[in-house]
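Have a look at the structure below, then the notes.
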Amino acid sequence: MTNLMQATADAIAKAQEARLAIRNGLAIPTAGMAKGMTQANMISLPRDWAFDFLLYAQRNPKSCPILDVCGSGSYRTVLAKDADLRTDIPLYHVWENGKLVDEITDATEIWAQHPDLVTFLIGCSFTFETPMLEAGIEIRHITDNCNVPMYKTNRLCRPAERLEGELVVSMRPIPADRVADAVMISGRFPSVHGAPVHIGSPDALGIKDIMSPDFGSPVRIEEDEIPVFWACGVTPQAAVMRSGVPFALSHAPGHMFITDVPDAAYHV
């Protein structure tokens, strides 16, 4: 498959089972699904915009760590044998001129209408949630069976060609005495966003109401917990919006592509 660490047969079977359920219509956030297997964000752009985004990702690796690039028109990836990127993501967003125009569960027709799409699979922070759980750190959106909260920030990414946009972050409330552990664990996964970009006051990121995320769902924050923010793979969608990209296809925030690669492959 790749030169990355190979998963066990049982783990791959669980990932394949999850993708099959998604292909058959399961449209829910994927946090906690196929535990131990890497998940990825997706953004597909016309070939004319592919270099712009490749440069954007290279200049902003914390928020846009590329795991694979699928050639023009391709819906296959080395990250998962026999997967189909047109059908194996629970929910897709369709963008025109920077505006969200549709939300679909099957992108086969869209792919046919835009045969030159170049697809980028980007690291996802769900990947380090399993080791955090194993260390006894609660992941609130998994506990409460909801989507992770995500926010646009006041931090601008470094622009590239025609693309510019804000950094998007995901947030997990962490008990104060476990924040250092969360930083250490996530920091060992630099290819999937790595350590947090901010700890504490949402105001410092321009987030006025932490209970009103721009994407995903609000989650409980207990008195002994601190909001911890990680760079998020929804950042490319913020660039699509701010830059008015004529056409793009993406995953819906929190609805990821599940690969056949184990989380441990990205541990350093």
Side-chain angles (χ1 to χ4, degrees), residues 1-8 10-12 14-15 18 29-42 57-69 77-80 120-143 148-151 153 155 157 167-200 205 216 219 225-236 253-254 256-268:
M1 182 178 61
T2 70
N3 60 356
L4 293 170
M5 178 188 299
Q6 301 296 298
T8 65
D10 286 346
I12 291 175
K14 289 180 181 179
T30 53
M33 293 179 66
K35 286 184 179 179
M37 301 301 280
T38 296
Q39 300 194 24
N41 302 273
M42 187 204 79
Q58 189 275 334
R59 289 179 174 177
N60 300 282
K62 187 76 169 174
S63 56
C64 305
I66 292 177
L67 304 184
D68 191 26
V69 181
T77 171
V78 296
L79 301 180
F120 299 85
L121 295 175
I122 296 165
C124 172
S125 57
F126 289 175
T127 300
F128 55 66
E129 289 182 343
T130 296
M132 287 174 67
L133 287 167
E134 291 172 347
I137 300 173
E138 180 189 356
I139 304 298
R140 184 62 42 73
H141 58 272
I142 294 180
T143 299
V148 63
M150 294 159 276
Y151 310 83
T153 72
R155 297 186 184 180
C157 292
L167 169 69
V168 175
V169 294
S170 61
M171 188 280 293
R172 293 159 184 81
I174 306 292
D177 63 352
R178 300 305 308 274
V179 168
D181 296 325
V183 171
M184 182 179 66
I185 292 168
S186 59
R188 292 172 177 165
F189 293 84
S191 295
V192 290
H193 304 305
V197 295
H198 182 69
I199 297 169
L205 293 174
V219 295
E225 293 176 335
I226 296 174
V228 181
F229 301 88
W230 281 265
C232 178
V234 177
T235 297
M256 305 299 174
F257 174 69
I258 299 172
T259 77
D260 288 344
V261 179
D263 294 340
Y266 296 104
H267 183 278
V268 298

Practice prompt. Please round to the nearest 0.5 Å and tell me the distance separating atom OG1 of Thr130 and atom CE of Met37.
Written response: 10.5 Å

Response to the item:
When rounded to the nearest 0.5 Å, the distance separating CE of Met42 from OG1 of Thr77 is 11.5 Å

Discussion item. Minimum heavy-atom separation for Ile258 and Ala80, please, with both atom names.
Written reply: O-CB, 4.5 Å

Discussion item. To check you understand the geometry: which heavy-atom pair defines the closest contact between Ile122 and Ser63, and what is its length?
Written reply: CG2-O, 4.1 Å

Worksheet item: What orientation do Phe189 and Phe128 show, parallel under 30°, tilted 30 to 60°, or perpendicular over 60°?
Response: tilted

Worksheet item: Does the side-chain contact (heavy atoms from CB on, under 4.5 Å) test come out yes or no for Thr259 and Leu121, once each step is laid out?
Response: CA-CA 10 Å; Thr259 77; Leu121 295 175; 5.8 Å; no

Item to complete: Flag the pair Pro196 / Ser186 as yes when at least one side-chain heavy-atom distance between them is below 4.5 Å, and no otherwise.
Response: yes

Worksheet item: CZ/Arg59 to SG/Cys157 distance, rounded to the nearest 0.5 angstrom?
Response: 12.0 Å

Practice prompt. Specify the closest pair of heavy atoms between Ala135 and Ile185, including all atoms of both residues, with the distance to one decimal.
Written response: CB-CD1, 3.6 Å

Item to complete: Taking all heavy atoms of Asp68 and all of Leu79, pick out the closest pair and write down the distance.
Response: CB-CD1, 3.9 Å

Practice prompt. Measure the acute angle between the ring planes of Tyr151 and Phe229, then classify it against the limits of 30° and 60° as parallel, tilted or perpendicular.
Written response: perpendicular

Item to complete: Calculate, to the nearest 0.5 Å, the distance between atoms OG1 and NE2 belonging to Thr127 and His267 respectively.
Response: 12.5 Å

Discussion item. Tell me the closest heavy-atom pair linking His193 and Ala231, and the distance in Å.
Written reply: CG-O, 3.1 Å

Practice prompt. State, with a plain yes or no, whether a side-chain heavy atom of Phe126 is found less than 4.5 Å away from one of Gln39.
Written response: yes

Practice prompt. For Arg178, check salt bridge (Lys or Arg N to Asp or Glu O under 4.0 Å) against everything at least two apart and list the hits.
Written response: Asp181

Worksheet item: Less than 4.5 Å apart, any side-chain heavy atom of Phe120 and any of Pro236?
Response: no

Worksheet item: Quick check: does any side chain N or O of Thr8 sit under 3.5 Å from a backbone N or O of Ala11, one acting as donor and the other as acceptor?
Response: yes

Worksheet item: Quick check: are there more than 12 heavy atoms from other residues, nucleotides or ligands sitting under 6.0 Å from NZ of Lys62?
Response: yes

Hey, can you pull the donor-acceptor pairs under 3.5 Å for the side chains in residues 167-176, sequence neighbours left out?
from   : atom 1 : to     : atom 2 : distance (Å)
Ser170 : OG     : Arg172 : NH1    : 2.9
Arg172 : NE     : Glu129 : OE2    : 2.9
Arg172 : NH2    : Ser125 : OG     : 2.7
Arg172 : NH2    : Glu129 : OE2    : 3.0

Discussion item. Quick one: does any side-chain atom of Thr38 pair with a main-chain N or O of Val261 as donor and acceptor, under 3.5 Å?
Written reply: yes

Worksheet item: Is there a side-chain contact between Thr153 and His198, using heavy atoms and a 4.5 Å cut-off?
Response: no

Worksheet item: Does Asn41 reach the main-chain N or O of Gly123 with its side chain, forming a donor-acceptor pair under 3.5 Å?
Response: yes

Practice prompt. Compare every heavy atom of Val268 with every heavy atom of Pro190, then report the nearest pair and how far apart it is.
Written response: CD-CG2, 3.5 Å

